Amino acid sequence: MNKLYELEKESGKSKARAGFLHTDHGIIPTPVFMPVGTAGTVKAIMQRDLVELDAKIILGNTYHLYLRPNDKVINQFGGLHKFISWDGAILTDSGGYQIFSLQDMRKLTREGAAFKSHIDGSKHFFSPESVVDIQRNLGSDILMVLDECVPYPSDENYTAKSMELSLDWAKRSKERFCETSDLYGHRQFQFGIGQGGMYENQRKQYIERMIEIDFDGNAIGGLSVGEPVELMYDLTDLSTDYLPKNKPRYLMGVGTPENLLECIERGIDMFDCVLPTRNARNGQLFTSRGKINLRNSQYILSNQPIDSSLDCYASNNFSLGYLRHLFISKEILALQIATMHNLAFFLDLVRKARLHILNDTFEVWKKETIEKMRGED
RNA sequence: GGGCAGAUACCGAAGCGGUUAAACGGGGCAGACUGUAAAUCUGCUAGGGUAAUCCUUACGGAGGUUCGAAUCCUUCUCUGCCCA
């Protein structure tokens, strides 16, 4: 199959849909959750565990991998897949989010982003073109264009200007992508990223102009940056009204288990988020009964498994009391178990969502699942 | 038996006349985390009170000096080190 996306089924009752991403590193059923592996590792667990969890695709980050070890080094290893020993698919983010989160260390111009390394303060420059080149060296299956993730709140004028900048960068990214080719014998695809801040008209306009550039897939960026969750849902809803049906839709950086279900219902196919991995390292578990703050003293004597409803070694072999002890004692194993469990939960949730879409039961199941998760919050 | 040093909140440890219910660590108790500068960050941690620039009790014990003492003096108790 030459095309990346194959639509399998639409819900009919909502905009939820099931499909496949055809990459040369596997066929990925969608909706899909992509664990974040910024620096060439999904923190605290091994690639073997990701396989066991049936993660089909993970993220890498252009900014981080460029700074360390550098894409030229990774090129010497035959690309990121070989470098990190991962046969599944990889999507690399562009560094656009770092332009946003490391705001005080960079300067934006029409040409690109000048920035200082957060590691050693050294000066660097990213252009839309160089970011494509780096991702060619990395060899990710899906590469993201460089964009400016507009901070929240931003006024309409700033957002509009930023839109022009990001769209210009998007065009240049596409051009560079077309001028270059994959280096390692597997296909690479390129996604655009829709911005527009919190303004409906700008979101719409951005998407319309992005569609013209004709990327392999379309992302929605700049959401979940501090705005009220309902606004995030509304803008996602609006976005999927305009995004083409024959291409994958990726909501960047989202979100909580509830966010995932709400946005699947609004027609999103792909998600990534640091929550399951980061919160795991910070002692918070996501379960079918809601969130658990593991350090709480109420779990000292809990003999309950983390979540026995999951088919995951970490989730049903250790008691909450034991895992709490590991956290309180700052044992490395705590991070590993919690990370594995949280990822198992997120991946399982989205897989179930997919099955329910195929069974025409998604909407009812979604409602029940959210209620259950809220129950013990 | 003699000499010296010390005793501060759950623990360690600052402070050495007023701005001290007492710095800072640790521990404890909560909270946050959404395209990862995060095994991180924030708050609380004598009792009472929703809370306060409110009340009570507090820096080994007992007395004293002073307008005012964890801080100065006397004495007692205990701890460590050194000399016999």
Side-chain angles (χ1 to χ4, degrees), chain A residues 33-45 57-65 67-68 91-106 115-121 131 140 142-150 152 166 191-195 217-229 232-233 236 250-260 262-263 268 270-286 291-300 324 326-339 342 346 377:
Chain A
F33 179 79
M34 307 181 281
V36 178
T38 307
T41 161
V42 175
K43 294 184 196 295
I45 63 170
I57 174 169
I58 62 173
L59 256 68
N61 187 283
T62 301
Y63 167 86
H64 292 272
L65 293 170
L67 285 180
R68 197 163 55 188
L91 179 151
T92 44
D93 187 28
S94 60
Y97 189 77
Q98 281 62 46
I99 291 175
F100 158 79
S101 67
L102 303 174
Q103 217 170 348
D104 46 343
M105 298 169 75
R106 55 78 170 161
F115 61 93
K116 277 188 190 169
S117 160
H118 72 278
I119 300 164
D120 62 6
V131 164
S140 44
I142 298 173
L143 43 168
M144 303 302 299
V145 298
L146 187 67
D147 65 330
E148 186 198 3
C149 180
V150 182
Y152 176 82
S166 285
F191 279 31
I193 305 174
Q195 294 290 338
N218 298 296
I220 302 168
L223 292 184
S224 251
V225 288
E227 78 282 9
V229 70
M232 187 266 278
Y233 291 153
T236 299
Y250 165 27
L251 180 56
M252 304 185 81
V254 173
T256 66
E258 190 169 330
N259 291 164
L260 299 186
E262 292 292 351
C263 294
I268 298 295
M270 303 162 69
F271 301 90
D272 78 282
C273 192
V274 303
L275 274 180
T277 44
R278 177 186 289 169
N279 289 23
R281 277 176 277 122
N282 294 336
Q284 188 172 75
L285 302 178
F286 295 94
K291 287 189 293 186
I292 287 178
N293 210 335
L294 253 188
R295 285 193 303 265
N296 287 185
S297 56
Q298 63 173 298
Y299 300 111
I300 290 173
R324 177 182 191 275
L326 293 180
F327 262 101
I328 296 293
S329 311
K330 296 183 165 60
E331 286 290 339
I332 294 174
L333 184 59
L335 312 185
Q336 300 175 302
I337 292 174
T339 298
N342 273 355
F346 271 61
D377 261 14

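As the structure is a prediction and not an experimental result, all values here were calculated from the model. Throughout, a chain's letter reflects where its sequence line sits, starting with A, and its residues are numbered from 1.
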For this session: Determine the Euclidean distance between corresponding P atoms of B:C76 and B:C24; express it in Å to zero decimal places.
Result: 38 Å
Exercise. Is the shortest heavy-atom distance from the side chain of A:M252 to the side chain of A:D93 under 4.5 Å?
Worked result: yes
For this session: For nucleotides B:C54 and B:C4, find the distance between their P atoms and express it as a whole number of Å.
Result: 45 Å
For this session: Name the nucleic acid region contacted by A:N259, choosing base, sugar-phosphate or nothing; use a 4.0 angstrom heavy-atom cut-off, strictly under.
Result: base
Problem set entry | Spacing between A:I337 atom CD1 and B:A39 atom P, to the nearest angstrom | 18 Å
Exercise. Within the structure shown, what part of the strands sits under 4.0 Å from A:E331 by heavy-atom distance: base, sugar-phosphate, or nothing?
Worked result: nothing
Exercise. Side-chain donor or acceptor of A:T277 under 3.5 Å from a matching atom on the base of B:U36?
Worked result: yes
Exercise. For nucleotides 42-47 of chain B, read 5' to 3', which letter fits each nucleotide if B means a protein heavy atom sits under 4.0 Å from the base, S means only the sugar-phosphate is that close, and - means neither?
Worked result: ------
For this session: Provide the distance between the two C1' atoms, one in B:G1 and one in B:C59, to the nearest whole Å.
Result: 32 Å
Exercise. Rounded to whole angstrom units, what separation is found between the CG atom of A:L294 and the P atom of B:A30?
Worked result: 12 Å
Problem set entry | Residue matched to B:A32 through Watson-Crick or wobble contacts both under 3.5 angstrom | B:U40
For this session: For the pair A:F346 and A:F286, name the ring-plane relationship: parallel under 30°, tilted 30 to 60°, perpendicular over 60°.
Result: perpendicular
Exercise. For the side chain of A:R278 and the base of B:A38, is some donor closer than 3.5 Å to an acceptor across the two?
Worked result: yes
Problem set entry | RNA chain B: 5'-proximal contact among A:G96 and A:R324 (nearest heavy atom) | A:R324
For this session: Go through the N and O atoms of the side chain of A:D147 and the base of B:G35, and report whether any donor-acceptor pair is under 3.5 Å.
Result: yes
Exercise. If we take the P atom in both B:G61 and B:A70, what is their distance in whole Å?
Worked result: 11 Å
